[in-house]
Amino acid sequence: MSDIAQEAWRKYLIQLQAHPLRTKAITAGILAGCSDLIAQKISGVKRLQLRRLLLIMLYGFAYSGPFGHFLHKLMDIIFRGKKGSKTVAKKVLLEQLTSSPWNNFFFMMYYGLVVEGRPWGLVRSKVRKDYPTIQLTAWKFWPIVGWINYQYMPLQFRVLFHSFVASCWAIFLNLKARSVAIKKA
């Protein structure tokens with residue numbers, strides 16, 4: 001690792017230790033913005049949609065980062081002192097039955113209502129149509145991520161790891177949302 005990267009990582013760890021919620025929120029916002037930038041490029045957007053990018057960053061900063069911070073703290077409280085594969089499986093199952101459906105639903109609502117500025121009726125129809133497929137796809141992908149996260153990541157790095165993987169997932173969700181918008185245009 002280069003000296004610059006090592007120094008940046010050292011400073012990041014200091015911020016993570018001193019200001020965990022703020023650092024995780026900023027990290028989630030930046031990663032969400034990167035994922036949207038990539039999604040825009042992949043989907044063939046000719047001119048960067050800055051408003052969209054900033055709203056996606058806001059989602060990461062104001063919702064995704066803080067939600068992950070408190071979710072992982074809560075999981076450690078619920079399963080305090082318990083270790084092993086059974087505990088990891090219970091954490092993954094609990095996360096997949098609660099926060100996974102909620103986060104996918106919330107993202108779809110936020111994207112439709114806030115990012116795209118669509119009326120409630122259209123967003124509701126889109127969520128009814130696409131949510132089951134998105135959630136089923138999530139249940140094929142996220143349990144593996146959850147297992148790795150709970151089994152191998154220390155608590156302070158779980159949101160960072162989750163946010164990084166969520167950036168890839170958000171590219172999928174963005175492209176899914178965009179493909180439906182293009183079909184209707």
Side-chain angles (χ1 to χ4, degrees), residues 1-2 4-5 7-9 11-12 15-16 21-69 71 99-146 148-149 157-185:
M1 201 187 284
S2 75
I4 295 171
E7 182 62 16
W9 180 247
K11 288 182 178 182
Y12 180 82
Q15 288 301 307
L16 188 60
L21 178 58
R22 179 179 73 190
T23 304
K24 292 170 189 176
I26 291 168
T27 302
I30 290 169
L31 288 172
C34 290
S35 73
D36 186 62
L37 184 66
I38 293 166
Q40 286 190 44
K41 290 295 179 190
I42 290 173
S43 66
V45 172
K46 301 225 185 302
R47 188 167 167 251
L48 178 67
Q49 297 172 358
L50 187 58
R51 178 184 177 279
R52 172 182 145 169
L53 177 73
L54 293 174
L55 288 172
I56 294 292
M57 289 180 77
L58 177 63
Y59 175 85
F61 174 76
Y63 174 74
S64 183
F67 182 90
H69 171 81
L71 171 71
S99 69
S100 175
W102 165 253
N103 283 334
N104 287 318
F105 172 77
F106 188 74
F107 180 82
M108 291 179 75
M109 297 299 285
Y110 179 84
Y111 193 89
L113 293 170
V114 178
V115 177
E116 294 182 326
R118 295 187 181 272
W120 166 249
L122 286 175
V123 174
R124 187 179 66 213
S125 296
K126 181 172 176 9
V127 169
R128 279 187 180 157
K129 179 181 172 281
D130 291 345
Y131 178 79
T133 303
I134 288 171
Q135 188 56 49
L136 288 173
T137 304
W139 280 332
K140 293 173 187 172
F141 174 73
W142 282 104
I144 297 164
V145 174
I148 292 167
N149 211 7
F157 295 127
R158 288 185 191 153
V159 174
L160 174 62
F161 175 73
H162 192 272
S163 293
F164 178 76
V165 177
S167 295
C168 300
W169 178 249
I171 292 169
F172 164 75
L173 289 179
N174 279 322
L175 293 175
K176 178 86 173 147
R178 181 102 176 119
S179 68
V180 172
I182 290 171
K183 286 178 188 173
K184 290 187 178 191

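- The minimum heavy-atom distance between Pro66 and Ala62, with the atom names listed, is CG-O, 3.7 Å.
- When side chains are defined from C-beta on, Val159 does not count as touching Thr27, because their heavy atoms never get closer than 4.5 Å.
- Separating the CG atom in Leu71 from the OG atom in Ser99 is a distance of 4.5 Å, to the nearest 0.5 Å.
- Using a 4.5 Å cut-off on side-chain heavy atoms (C-beta onward), Val115 and Phe107 make no contact.
- The side chain to side chain contact (heavy atoms under 4.5 Å, CB included) test applied to Leu37 returns Leu48, Leu53, not counting sequence neighbours.
- With sequence neighbours left out, Ile26 forms a side chain to side chain contact (heavy atoms under 4.5 Å, CB included) with Arg22, Ile30, Phe61.
- Taking each heavy atom of Ser167 and Ala32 in turn, the nearest pair found is OG-N, 4.2 Å.
- The side chain to side chain contact (heavy atoms under 4.5 Å, CB included) test applied to Leu113 returns Met109, Trp120, Val123, not counting sequence neighbours.
- Within 6.0 Å of the CD1 atom in Ile4, the count of heavy atoms belonging to other residues, nucleotides or ligands does not exceed 12.
- Between atom CD of residue Gln49 and atom CG of residue Asp36 there is a gap of 8.0 Å, rounded to the nearest 0.5 Å.
- The line from OG of Ser64 to NE2 of His69 is 13.0 Å long, rounded to the nearest 0.5 Å.
- When every heavy atom of Ala28 is checked against every heavy atom of Gly60, the shortest pair comes out as CB-O, 3.3 Å.
- Here the closest heavy-atom approach between residue Leu55 and residue Val114 is recorded as CD1-O, 3.7 Å.
- Listed by chain and number, the residues in a ring pair (Phe, Tyr, Trp, His ring centres under 6.0 Å) with Tyr12 are Trp9 (sequence neighbours excluded).
- Of all heavy-atom pairs between Gly33 and Met57, the closest is CA-CG, 3.3 Å.
- Note that CD1 of Ile148 and CZ of Arg158 are 13.0 Å apart. Values are rounded to the nearest 0.5 Å.
- Every residue two or more places apart in sequence or in another chain that forms a ring pair (Phe, Tyr, Trp, His ring centres under 6.0 Å) with Tyr63 is listed here: Tyr59, Phe67, Phe106.
- The main-chain N or O of Val145 is never found under 3.5 Å from a side-chain atom of Asn149 such that the two would form a donor-acceptor pair.
- Side-chain contact between Glu7 and Lys11 is present, with heavy atoms from C-beta onward closer than 4.5 Å.
- For residues 136-146, no pair satisfies side-chain hydrogen bond (donor to acceptor under 3.5 Å, both in side chains), with sequence neighbours left out.
- Counting only distance, with no hydrogens or angles, the side chain of Asn104 and the backbone of Ser100 share a donor-acceptor pair below 3.5 Å.
- Taking the ring pair (Phe, Tyr, Trp, His ring centres under 6.0 Å) definition, one finds that Phe141 meets it with Trp169, sequence neighbours left out.
- The environment of CZ in Phe164 is sparse: at most 12 heavy-atom neighbours from other residues, nucleotides or ligands sit within 6.0 Å.
- Taking CZ of Arg51 as the reference point, atom CG of Leu58 lies at 11.0 Å (rounded to 0.5 Å).
- What you find for Met108 and Lys126 is that their closest heavy atoms are CE-O, 4.1 Å.
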